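Along the sequence shown, the residues carry numbers beginning at 1. Owing to the predicted nature of the structure, the values given are computational and were not obtained by experimental measurement.
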Amino acid sequence: QVQLVESGGGLVQAGGSLRLSCRASGRTFSNYNMGWFRQAPGKEREFVSVIVRRTGSTNYRDSVKGRFTISRDNAENTVYLQMNNLKPEDTAVYYCAADARFSSIVALTSPLRYDNWGQGTQVTVSS
């Protein structure tokens with residue numbers, strides 16, 4: 001098991017930026033595919049972005065492409081989500097998740113693929 005702790009959420013006006021961080025501990029971070037998901041009130045948890053463990057390949061949901069950037073620092077055991085030009089519809093609790101299996105980047109868009117989750121950080125974007 002790996003333990004995940006998110007930080008960096010907050011309240012921001014539309015058009016603003018936030019950078020989320022997720023720090024991992026307990027296992028070798030570089031062995032994990034790392035994903036970001038979000039969940040708004042009354043909605044299902046949805047995929048936001050993923051970065052694959054060996055290649056560093058990334059994937060994003062369509063609505064955040066060009067605005068969000070995922071990155072990882074294996075030396076710091078941390079994955080980041082830089083969020084620019086935020087919109088009110090980005091308001092949600094954001095979760096990071098870790099998967100240690102050999103997984104396709106498409107499979108990694110499903111929350112069912114992940115065994116390890118952080119506690120979440122709230123992002124609120126005001127209009």
Side-chain angles (χ1 to χ4, degrees):
Q1 292 287 337
V2 62
Q3 290 75 47
L4 304 173
V5 179
E6 302 97 334
S7 61
L11 173 64
V12 64
Q13 289 189 334
S17 298
L18 285 172
R19 188 176 81 155
L20 305 184
S21 300
C22 172
R23 187 171 181 87
S25 61
R27 288 289 188 266
T28 303
F29 177 72
S30 60
N31 289 341
Y32 287 84
N33 304 303
M34 298 299 298
W36 283 99
F37 290 78
R38 67 188 182 187
Q39 188 166 18
K43 295 188 177 181
E44 293 186 353
R45 191 167 297 190
E46 64 181 20
F47 167 76
V48 176
S49 183
V50 62
I51 185 164
V52 175
R53 58 182 179 173
R54 288 194 173 92
T55 65
S57 297
T58 60
N59 192 18
Y60 300 90
R61 71 179 299 107
D62 286 346
S63 63
V64 308
K65 286 180 180 177
R67 300 188 298 122
F68 290 12
T69 303
I70 191 171
S71 62
R72 66 190 298 159
D73 185 337
N74 288 338
E76 294 294 326
N77 293 345
T78 302
V79 61
Y80 302 98
L81 186 68
Q82 177 67 45
M83 306 186 296
N84 297 328
N85 191 22
L86 282 160
K87 303 177 180 181
E89 52 263 42
D90 294 318
T91 294
V93 177
Y94 283 70
Y95 299 89
C96 70
D99 163 56
R101 293 167 289 182
F102 179 77
S103 303
S104 71
I105 202 164
V106 173
L108 288 167
T109 63
S110 170
L112 298 177
R113 194 67 186 172
Y114 298 82
D115 296 324
N116 304 279
W117 292 86
Q119 82 289 349
T121 186
Q122 176 70 48
V123 171
T124 303
V125 184
S126 63
S127 57

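Applying the disulfide bond (SG atoms under 2.5 Å apart) test to every pair with at least one member in residues 94-127, sequence neighbours left out, gives these pairs: Cys22-Cys96. Among pairs with a residue in residues 102-111, none fulfils salt bridge (charged side-chain N to carboxylate O under 4.0 Å, His left out), at least two apart in sequence or across chains. Residue pairs satisfying the salt bridge (charged side-chain N to carboxylate O under 4.0 Å, His left out) criterion with at least one member in residues 9-33, sequence neighbours excluded, are listed as follows: Arg23-Glu76. Residues in residues 29-61 take part in no disulfide bond (SG atoms under 2.5 Å apart) pair, two or more places apart or across chains. Counting only residues at least two apart or on different chains, no disulfide bond (SG atoms under 2.5 Å apart) pair has a member in residues 42-80. Within the structure, disulfide bond (SG atoms under 2.5 Å apart) contacts touching residues 28-70 (residues at least two apart or in different chains) do not occur.
Hydrophobic clustering, defined by side-chain heavy atoms of Ile, Leu, Val, Met, Phe, Trp and Tyr closer than 4.5 Å, leaves Leu11 isolated from every other such residue.
Taken from OG in Ser127 to CD in Gln13, the straight-line distance is 9.5 Å, to the nearest 0.5 Å. Distance check, rounded to the nearest 0.5 Å: CG of Leu18 to OH of Tyr94 gives 9.0 Å. Note that CD of Glu6 and CD of Gln119 are 4.5 Å apart. Values are rounded to the nearest 0.5 Å. Interatomic distance, OG1 of Thr109 versus CG of Asn59, reported as 7.0 Å (0.5 Å rounding).
Of all non-hydrogen atoms in Arg113 and Ser103, the two that sit nearest each other are NE-OG, 2.8 Å. Closest approach of Phe29 to Asn77, counting heavy atoms only: CB-OD1, 3.3 Å.
Side-chain contact between Val50 and Ile105 is present, with heavy atoms from C-beta onward closer than 4.5 Å. Side-chain contact between Arg61 and Arg38 is present, with at least one heavy-atom pair separated by less than 4.5 Å. Met34 is listed as a side-chain neighbour of Arg72, based on a closest heavy-atom distance under 4.5 Å. A heavy-atom distance below 4.5 Å is found between the side chains of Trp36 and Ile70. Residues Leu20 and Met83 are in side-chain contact: their nearest non-hydrogen atoms beyond the backbone lie under 4.5 Å apart. Contact of the Val79 side chain with the Tyr32 side chain is not registered, since no non-hydrogen atoms from C-beta on lie closer than 4.5 Å. By the 4.5 Å heavy-atom criterion applied to side chains, Asn33 and Ile51 are not counted as neighbours.
Counting only distance, with no hydrogens or angles, the side chain of Thr121 and the backbone of Ser7 share no donor-acceptor pair below 3.5 Å. In this structure a side-chain-to-backbone donor-acceptor pair under 3.5 Å is present from Ser104 to Ala107. Although no hydrogens or angles enter the test, the distance criterion places a donor-acceptor pair under 3.5 Å between the side chain of Arg53 and the main chain of Asn31. With hydrogens and angles disregarded, no donor-acceptor distance shorter than 3.5 Å links the side chain of Gln1 to the backbone of Gly26.
Annotation: cation-pi geometry satisfied between Arg45 and Tyr95 (NZ/CZ under 6.0 angstrom from ring centroid, within 45° of ring axis).
Residues meeting the side chain to side chain contact (heavy atoms under 4.5 Å, CB included) test with Val125, sequence neighbours left out: Val12, Ala14, Leu86, Pro88, Asp90, Thr91, Val123. Among residues two or more places apart in sequence or in another chain, the side chain to side chain contact (heavy atoms under 4.5 Å, CB included) test is passed with Asp115 by Arg101. In this view, Thr55 and Val52, Ser57 satisfy the side chain to side chain contact (heavy atoms under 4.5 Å, CB included) rule, not counting sequence neighbours. Under the rule for a side chain to side chain contact (heavy atoms under 4.5 Å, CB included), the partners of Lys43 that lie at least two apart in sequence or sit in another chain are Ala40. For Phe37, the ring-ring contact (aromatic ring centres under 6.0 Å, His included) partners at least two apart in sequence or on another chain are Phe47, Tyr114, Trp117.
Taken together through direct or relayed side-chain contacts under 4.5 Å among Ile, Leu, Val, Met, Phe, Trp and Tyr, Leu4 and Leu81 form part of one hydrophobic cluster. Hydrophobic cluster membership differs between Val2 and Tyr80, with clusters built from Ile, Leu, Val, Met, Phe, Trp and Tyr side chains linked at under 4.5 angstrom.
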Any chance you could lay out the side-chain hydrogen bond (donor to acceptor under 3.5 Å, both in side chains) test for Ser17 and Asn84, step after step, and finish with the verdict? CA-CA 4 Å; Ser17 298; Asn84 297 328; 2.9 Å; yes
